Protein chains: 2
Amino acid sequence: MLRLSKRVEYGLMALQYLAKSGGVATAREISDAGQIPYELLAKVMQSLKHEGIIDSYQGVRGGYALLFSPESINLARVVRALDEHTTITECISPSGDHDACQMLHTCTIKAPMNKLQQRMEESIGSMTIAELL
Amino acid sequence: MLRLSKRVEYGLMALQYLAKSGGVATAREISDAGQIPYELLAKVMQSLKHEGIIDSYQGVRGGYALLFSPESINLARVVRALDEHTTITECISPSGDHDACQMLHTCTIKAPMNKLQQRMEESIGSMTIAELL
DNA sequence: TGAAATCAGACTATTTCAGTCCTATTTCCT
DNA sequence: AGGAAATAGGACTGAAATAGTCTGATTTCA
Ligand code: SF4
Ligand code: SF4
């Protein structure tokens with residue numbers, strides 16, 4: 001249940017790389033350094049861009065760079081950018097979705113699961129990219 | 001990545017039920033009460049039994065009962081009993097497996113992931129069945 | 001103008017998960 | 001003794017999520 005996806009792992013490696021380099025790096029460069037499938041990493045970088053964690057520069061001599069200091073990017077945000085399921089249960093929806101669980105009404109563990117969700121988020125959010133260096 | 005499996009959800013409901021009832025309850029009874037697929041729940045109960053969280057009684061008038069007080073059963077243990085992946089990465093294996101990741105040697109995020117694993121476990125382990133009542 | 005890079009979407013293959021089915025065994029009650 | 005009700009355990013199927021690949025478009029610099 002708490003195994004992180006390859007997307008997140010790759011994303012963390014990439015962010016770590018960008019933090020270390022301090023400047024602009026290409027997806028190819030990061031892929032080579034970390035032995036990460038290039039095409040998959042490319043997608044990950046795009047997701048990180050959309051989330052606003054990194055900036056991108058197109059064309060030759062392009063690449064990616066961090067938009068914030070490593071210590072101000074916490075892992076919760078990275079997970080939110082790269083993972084489908086960011087909640088412990090489907091009834092806890094980040095954007096108030098209505099595709100919620102069927103047993104929503106009869107469910108007896110909904111409330112405590114909410115509490116757990118908070119604690120988990122705190123755990124993940126307590127770590128930053130700076131702690132990967 | 002942190003969506004808990006149905007097995008865990010059902011397991012928590014069942015343990016909550018057992019804690020509330022205080023005595024012996026059958027899988028059928030719990031299944032009916034929580035609208036849980038009976039066959040799947042039956043498997044879950046068996047897993048909980050194997051982990052040593054509950055005791056079972058076979059035959060007519062049989063069923064399941066808690067082996068410990070609700071406040072001494074934490075969710076980390078439940079997850080361990082019911083979930084395949086209890087670690088954040090595959091290189092963190094509970095029983096020192098050797099099916100570890102290929103990039104184990106070149107990986108640059110292994111150490112911090114270990115730290116995160118600990119924090120996550122603390123979060124999950126900090127909640128007990130008693131908090132579901 | 002061409003090479004190198006991001007951007008975007010569709011696609012396939014693999015693995016995981018939820019759920020079902022079937023049979024054996026145990027135990028109580030009549 | 002025998003049947004009903006329960007757990008035990010394995011095999012199986014279908015659906016869904018994930019990992020990875022492919023193709024083409026666009027941007028930008030030299
Ligand atoms: S309502 Fe209950 S069963 Fe449904 S997703 Fe939420 S916690 Fe799980
Ligand atoms: S070694 Fe690195 S890449 Fe492999 S599982 Fe561990 S953290 Fe992930």
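Keep in mind the model is a prediction, meaning the values are calculated, not measured. Chain letters run A, B, ... following the sequence lines, proteins first, then strands; residues in each count from 1.
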Residue pairs, two or more places apart or on separate chains, that pass salt bridge (Lys or Arg N to Asp or Glu O under 4.0 Å) and touch residues 112-126 of chain A: A:Lys115-B:Glu131, A:Arg119-B:Glu131
Please enumerate all protein N or O atoms sitting under 3.5 Å from an N or O of nucleotides 9-12 of chain C, with distances to 0.1 Å.
residue : atom : partner : partner atom : Å
C:dG9   : N7   : A:Lys43 : NZ           : 3.2
C:dG9   : O6   : A:Lys43 : NZ           : 2.6
C:dA10  : N6   : A:Lys43 : NZ           : 3.3

side-chain hydrogen bond (donor to acceptor under 3.5 Å, both in side chains) partners for [X], two or more places apart:
X       : result
A:Lys43 : none
B:Glu71 : B:Ser69
A:Ser56 : A:Lys49
B:Ser31 : none

Run through the side-chain heavy atoms of Ile, Leu, Val, Met, Phe, Trp and Tyr, join any pair under 4.5 Å, and report what else lands in A:Leu133's cluster. none
Taking ILVMFWY side chains as joined if any heavy atoms are under 4.5 angstrom apart, and letting links pass through other members, which residues group with B:Val24? B:Tyr57
Quick check on D:dA17: is either OP1 or OP2 less than 4.0 Å from any side-chain nitrogen or oxygen of A:Ser5? no
Which residues, if any, of residues 10-39 of chain A bring a heavy atom under 4.0 Å of DNA chain D? A:Tyr10, A:Pro37, A:Glu39
If a protein heavy atom is under 4.0 Å from the base, mark B; if only from the sugar-phosphate, S; if neither, -; do that for nucleotides 25-30 of chain D going 5' to 3'. --BBS-
Cut-off 3.5 Å, no hydrogens considered: what does the side-chain donor-acceptor table look like for residues 75-83 of chain B, sequence neighbours left out?
residue : atom : partner : partner atom : Å
B:Arg77 : NH2  : B:Glu51 : O            : 3.3
B:Asp83 : OD1  : B:Ser5  : OG           : 2.8
B:Asp83 : OD2  : A:Met1  : N            : 2.7

N/O to N/O distances under 3.5 Å, protein versus nucleotides 14-16 of chain D:
none

